[in-house]
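Take a look at the structure below.
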There are 2 protein chains.
Amino acid sequence: MSNAWHEEMQAVAKSGGRVSDRDIADKVRHAVLMQRLPPGTKLPEITLGEVFGVSRSVVRKSLTRLASEHVIDQRPNQVARVRAPSVEETRETFDARRLVEGEIAAQLAGRLSPEALEALERQADLETEAFRGGDEPARIEHSLTLHHLLAEHSPNRVLGGMLTDLVLRTSIVVALYKRSGLASCYQEGQHGRLLRHLASGDAEAARGAIHDHLNGLEALLDLSPREARIDLMSILGHTPEQA
Amino acid sequence: MSNAWHEEMQAVAKSGGRVSDRDIADKVRHAVLMQRLPPGTKLPEITLGEVFGVSRSVVRKSLTRLASEHVIDQRPNQVARVRAPSVEETRETFDARRLVEGEIAAQLAGRLSPEALEALERQADLETEAFRGGDEPARIEHSLTLHHLLAEHSPNRVLGGMLTDLVLRTSIVVALYKRSGLASCYQEGQHGRLLRHLASGDAEAARGAIHDHLNGLEALLDLSPREARIDLMSILGHTPEQA
DNA sequence: TCTTCTTTTTTTGTATACAAAAAAAGGCCC
DNA sequence: GGGCCTTTTTTTGTATACAAAAAAAGAAGA
C-alpha cells in the first residue's frame with residue numbers, strides 16, 4: 001500500500017469508538033466523492049480492516065453495501081476497486097436522473113410545507129455562501145444535501161430512494177469528468193429558480209428547472225475521447241495511486 | 001422451524017454441487033415470488049445454511065443481496081424476514097415503474113433489432129400458451145422474462161437496471177395483493193399491443209401501452225383496507241407460517 | 001387467568017483459521 | 001532487454017468459535 005493511500009485512510013478512519021459497516025461505507029463513499037480515492041484504487045479487505053480497527057467480516061459487509069450503490073466494483077476472487085464509470089454510463093446516469101428528479105420536482109410543486117421549503121432555501125443559501133467564500137468542498141456538500149432533501153420529501157418513497165442513488169452516482173461522475181480548468185460547478189441562481197417554481201406550484205416549470213440544471217451540469221463535463229483511456233486503464237489494471 | 005417451511009426450503013435447495021450466495025438468493029427470491037414464503041416469514045442464517053449445506057458466511061452474503069433488492073427486511077440483531085410492502089408502497093412502486101418502463105418503451109420504439117423483437121414476441125406467445133393451458137406459474141415466469149428482456153434491451157443501462165429492480169418489486173406486491181378470487185393476472189392482447197407499437201416505432205403509443213398495461217394490473221389488486229392488518233402483523237411480529 | 005419478572009434458548013455480530021484462487025516476484029532462456 | 005515459466009506472496013472464499021443481543025419459555029404473584 002502506498003503511503004498516500006494509507007495516510008488518506010488513516011485520516012478517514014473514525015477517531016475513537018467502535019465502527020460499524022455503515023461507518024466504513026460512509027467514509028469510503030465520501031472519500032470517493034471528494035476524489036481522494038481515484039477510480040481503480042484497490043480496497044483490500046485486510047488493509048481496510050487494519051485501518052479502521054475491525055476484522056474482515058465488518059469490512060466485507062461495507063464493501064457489499066458500496067458495491068450495491070455502484071461505488072465500487074466487486075468481482076469474485078478479486079480485490080474491490082473504486083469504480084470508473086464510462087462516459088456512456090455518465091450520459092445514461094444524467095438521463096435517468098433527469099427523468100426521476102424531474103418527476104419528483106413536478107410532484108412536489110406546490111405540496112411542500114413551509115418548513116420544508118425553508119430548509120431547502122437554507123441549503124441553497126449555504127451553497128451560495130460557500131461558493132462566494134471559495135470553499136468548493138463545502139459547496140458540494142451543501143448542494144448534495146439540497147438534492148437529498150428533495151429525495152426525502154418526495155411523496156413517492158420508491159422514487160425518492162431511486163433519486164438518492166442517482167444523486168450519488170452523478171456526483172461521482174461529475175468529480176471524475178469535470179473539465180480540468182474548472183474551479184467549481186456552481187450554477188448561479190439555478191437552485192433558486194427551482195425553489196421558486198416549487199413554491200409557486202408550477203409543476204412543469206419545476207421539471208424544466210431540474211432539466212436545465214442537470215443539462216447545465218452535464219455541459220460542464222469533458223465527455224470527449226477519454227473513453228478509450230479509462231477503459232484501457234481498468235482493463236490493463238493500471239492503477240494510478242498504488243502498485 | 002415448521003415442517004412446511006423446512007420442506008419448502010428442502011425442495012428449493014439445489015440438488016447437488018456447491019451453492020453460491022447468488023444461488024441461494026435466486027432460490028429464496030423465486031420462492032417469495034411464488035408466494036411459497038409469505039411476508040413475515042423468518043429466515044434465520046443457521047437454518048438457511050443447513051438447508052443449503054453451507055455456512056452462515058455464504059448465507060449472510062445472500063441475505064444482504066436480497067435486502068438490497070428489497071425482498072427481505074434486515075434489521076440489526078434481528079432475524080431477516082420476508083418483506084411485506086404496504087399498500088402505499090405498492091402504489092408508489094407502480095407509479096415509479098410506469099415512469100421508468102414507459103420511458104424505456106418510448107426510447108426503444110423503432111430501435112429494436114428484428115431478432116430482439118422476435119425474442120419478445122416468442123415470450124408473449126409462451127405467456128399466452130401457458131395461460132390457455134392454465135399453468136399460471138409458467139405464465140408469470142414468461143411475463144417476467146418479457147419485461148426483463150425489455151430492461152436488458154434498454155439503450156440506457158442505468159434505467160434498465162432500475163427497471164429490473166422495479167419489475168421484481170411489482171411482482172412481489174402483485175403476488176401479495178392479488179384479489180383472492182382471481183385465477184390469473186393475464187391481460188388479453190396487452191403485450192401484443194405493446195410489441196406492435198415498439199415495432200412500428202410510435203414512441204408515445206408504446207409509452208401509453210405500458211401505462212395501460214400497468215394500470216390494468218394495478219386494478220386487479222385489492223388495495224383497500226388491509227393496510228392496518230399488514231402493519232399490525234409486522235409490528236406485533238405475528239408470523240403466519242411458523243412459531 | 002393474566003401479568004410480570006427471571007432464566008434459558010436461540011440468533012446475530014465479530015474475530016479468526018485454513019483452503020483456494022489470483023497477483024506478484026523471481027529466474028530462465030532467447 | 002524482453003518474453004515465458006515457476007515459485008512465492010497476497011487476497012479472497014468459507015467454515016467455525018465465542019460474545020452480545022434478542023426472543024422464548026418458565027415461574028411467581030396478584
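In what follows, chains carry the letters A, B, and so on, assigned in the order in which the sequence lines appear, proteins first and then strands, with residues in each chain numbered from 1.
- We find that CZ of B:R75 is positioned 13 Å from P of C:dG13, with the value rounded to whole Å.
- Comparing B:S57 and A:I46 along DNA chain D, the residue whose closest nucleotide (by nearest heavy atom) sits nearer the 5' end is A:I46.
- Between the side chains of A:E141 and A:H30, at least one donor N or O sits under 3.5 Å from an acceptor N or O.
- Checked options B:E92, B:R169, B:H147; the residue passing with B:R97 is B:H147 (criterion: side-chain contact (heavy atoms from CB on, under 4.5 Å)).
- Nucleotide D:dA15 holds its P atom 13 Å from the CD atom of B:E50, rounded to whole Å.
- Atom C1' of nucleotide C:dT14 and atom CZ of A:F52 are separated by 17 Å, given to the nearest angstrom.
- Heavy-atom distances to DNA chain C give each of B:E45 and A:R56 a nearest nucleotide, and the one nearer the 5′ end belongs to B:E45.
- If you check the side chains of A:N156 and A:E103, you find no donor sitting under 3.5 Å from an acceptor.
- Considering only the side chain of A:V58, C:dA15 comes nearest among C:dA15, D:dT12, D:dG13.
- Panel note: side chain B:R179, backbone B:L221; a donor-acceptor pair is recorded below 3.5 Å.
- Rounding to whole angstrom units, CG of residue A:L63 and P of D:dT11 are separated by 13 Å.
- The side chain of A:K42 sits closest to C:dA24 out of C:dT14, C:dA24, D:dT12.
- Atom pair B:I24:CD1 and D:dT14:P shows a separation of 9 Å (rounding to whole Å applied).
- When distances run from any side-chain atom of B:V79 to the nucleotides D:dT12, C:dT16, C:dT11, the shortest one goes to C:dT11.
- Relative to the side chain of B:N77, the nucleotides D:dA21, D:dA23, D:dT11 differ in distance, and D:dA21 lies closest.
- Between the side chain of B:E127 and the backbone N or O of B:S143, no donor-acceptor pair lies under 3.5 Å.
- Nearest to the side-chain atoms of B:Q78 among the listed nucleotides C:dC18, D:dA22, D:dA15 stands D:dA22.
- Residue A:G53 is the one, among A:P76 and A:G53, whose nearest nucleotide of DNA chain C lies closer to the 5' end (criterion: closest heavy atom).
- Computed from coordinates, the B:D23 CG to D:dG13 C1' distance equals 14 Å when rounded to whole Å.
- Atom pair B:K61:NZ and C:dT12:P shows a separation of 19 Å (rounding to whole Å applied).
- For A:R60, the listed nucleotide lying nearest its side chain is D:dT12; candidates were D:dT12, C:dG13, C:dT11.
- Side-chain proximity of A:S55 to C:dG13, C:dA15, D:dA15: nearest is C:dA15.
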